Amino acid sequence: MILLLHNRYRTTGGEERSVDDYAWLVREHLGEETEVLERDSAALSRPRAAVAMLRGGLQPDDVAAAVRRTGARIVHAHNVNPSFGWRALRAARGAGAGVVLHLHNYRLVCAVGTCFTHGADCTRCHGRNTLPGVRLACRGDRAEAAVYGSGLALWQRRLAASADRFLVPSAAALERLRELGAPLDGRVAVIPHPVRAFADDSAAASGTYALVASRLAPEKGVHVAIDAARRAGRPLVVVGDGPLRGALRQHARGADVTFHDAVGPDRFAQLRRGAAVALVPSRSAETFGLAAAHAMAAGAPVVASRIGALPELVDPEGLVPPGDPVALAAALQRRWGDAAAGERGLRRVRERCAPAAVAERLAAVYAEARPDAGKVPAK
């Protein structure tokens, strides 16, 4: 039995999809039962969230009880802020489970998790020094930034010490976390996200639009894709929701852009198969690039920003400088309907992200995550 922990975000994103994918992977490819213990930030008042951050988590006994009830040998924790915190991990170990902490983002050091603030990449916070993020109010207003900055600084080392192993989705993510001074030592494994399904071939030659699938947030660079599509004279389909929903619709006025706020899995698959090219115009250092991986798995040729982990997935000919609509437009035109590029991407993502390959590496990490309830967390 593997127990997955996840504190859902107020705005659903790729990490929720990743938790679902890992639960599926453990069941279908490791042959173990799984249970997901979730808490939801949308159901948590902001004062209560602040208490959770500053205390290092709420109600850790619930996690210990879940370990004992299910007989979980491993607790695979994803996002733990604000309501789980280090106390949940310590409780899991005390109940006899090994703990794997999955770092999908940079939130061990960075309050917003993306290393992106005020329109630019940012690595000002380092180790337990989160004062730059408080000063810049990267997360919400100054009060919220102070709560998150204080919570991270107070409990960062104890959170890290409460995990037996860490997972990160790319070499680039690990490099950035070390650059930020995250206390990871040598207990880290790099494992790409699993992709459940792959197309047989590329249908890009019959595609009729460029596709962006993304949370509509500043670091995702969707406005750059809109500008590039307008410049190239190509239709663009945008799938996703987020805080810039209204602003991006306004920005797209006069351009051939269609927005879909939310679609089901089958419709999403249809949209990917109908794309002549997929765009991933990120402005922040992506820790993996799930949108790129899913587009490649569907056979779509991909053009992406040369930033973060995206160069580990996308071939050099498909990379452009982040935030450059001129370069993105030129690459969009070059890759429009390029089925050969789509086929190459399909092979590449299958090699990296096939469930059997990811499951084998995950099983090795679980085997190394030994319960050690007697270990005293660092202060």
Side-chain angles (χ1 to χ4, degrees), residues 1-9 15-41 43-44 52 55-105 107-108 155 158-169 184-185 187-194 196 355-378:
M1 163 62 72
I2 306 299
L3 178 65
L4 285 79
L5 295 187
H6 182 54
N7 191 122
R8 295 181 66 88
Y9 296 94
E15 194 165 334
E16 277 73 28
R17 172 65 183 270
S18 294
V19 173
D20 290 342
D21 286 343
Y22 271 97
W24 169 85
L25 185 77
V26 170
R27 288 192 305 269
E28 299 299 322
H29 288 268
L30 295 185
E32 297 202 48
E33 294 182 22
T34 64
E35 184 171 309
V36 180
L37 178 58
E38 288 189 325
R39 294 175 181 172
D40 194 338
S41 287
L44 199 65
R55 289 189 61 188
L58 301 172
Q59 299 173 299
D61 289 347
D62 290 353
V63 177
V67 170
R68 296 188 183 101
R69 173 178 55 80
T70 61
R73 68 182 183 91
I74 296 291
V75 167
H76 185 160
H78 295 265
N79 179 44
V80 297
N81 289 330
S83 65
F84 284 116
W86 69 270
R87 295 182 187 276
L89 305 191
R90 188 177 69 170
R93 296 174 84 195
V99 173
V100 174
L101 180 58
H102 205 137
L103 303 175
H104 294 276
N105 52 50
R107 196 165 279 111
L108 200 57
W155 305 124
R158 191 166 289 198
L159 176 64
S162 298
D164 296 295
R165 294 282 286 170
F166 299 96
L167 290 183
V168 295
L184 299 180
D185 56 53
R187 298 171 289 142
V188 188
V190 176
I191 301 182
H193 288 305
R196 297 197 197 191
V358 177
E360 182 179 1
R361 297 166 72 176
L362 182 63
V365 171
Y366 284 171
E368 295 167 355
R370 303 297 185 192
D372 185 7
K375 183 176 179 180
V376 178

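Note that the coordinates shown come from a computational prediction; the quantities given were computed from them, not determined experimentally.
Note on ring orientation: taking the six-membered ring where Trp is involved, the planes of H78 and H104 are parallel (angle under 30°, cut-offs 30° and 60°).
Considering only residues two or more places apart in sequence or on other chains, N7 meets the side-chain hydrogen bond (donor to acceptor under 3.5 Å, both in side chains) condition with S41, S83.
The side-chain hydrogen bond (donor to acceptor under 3.5 Å, both in side chains) test with H102 is passed by exactly one of E15, H76, R165: H76.
In this structure, the side chains of L159 and L101 come closer than 4.5 Å at one or more pairs of heavy atoms. Residues V26 and Y366 meet the side-chain proximity criterion, which asks for heavy atoms closer than 4.5 Å. Using a 4.5 Å heavy-atom cutoff, the side chains of L108 and L184 are in contact. Under the 4.5 Å side-chain criterion, counting only non-hydrogen atoms from C-beta, L4 is not in contact with E35. Counting heavy atoms from C-beta on, the side chains of R93 and D164 come closer than 4.5 Å. Contact annotation: the side chain of P355 never approaches that of E28 to less than 4.5 Å [non-hydrogen atoms, C-beta and beyond]. Considering only heavy atoms from C-beta on, R55 stays 4.5 Å or farther from W155 through its side chain.
Remark: D21 engages R196 in a salt bridge, criterion side-chain N to carboxylate O under 4.0 Å.
No hydrogens or angles considered: a donor-acceptor pair under 3.5 Å links the side chains of E16 and H6.
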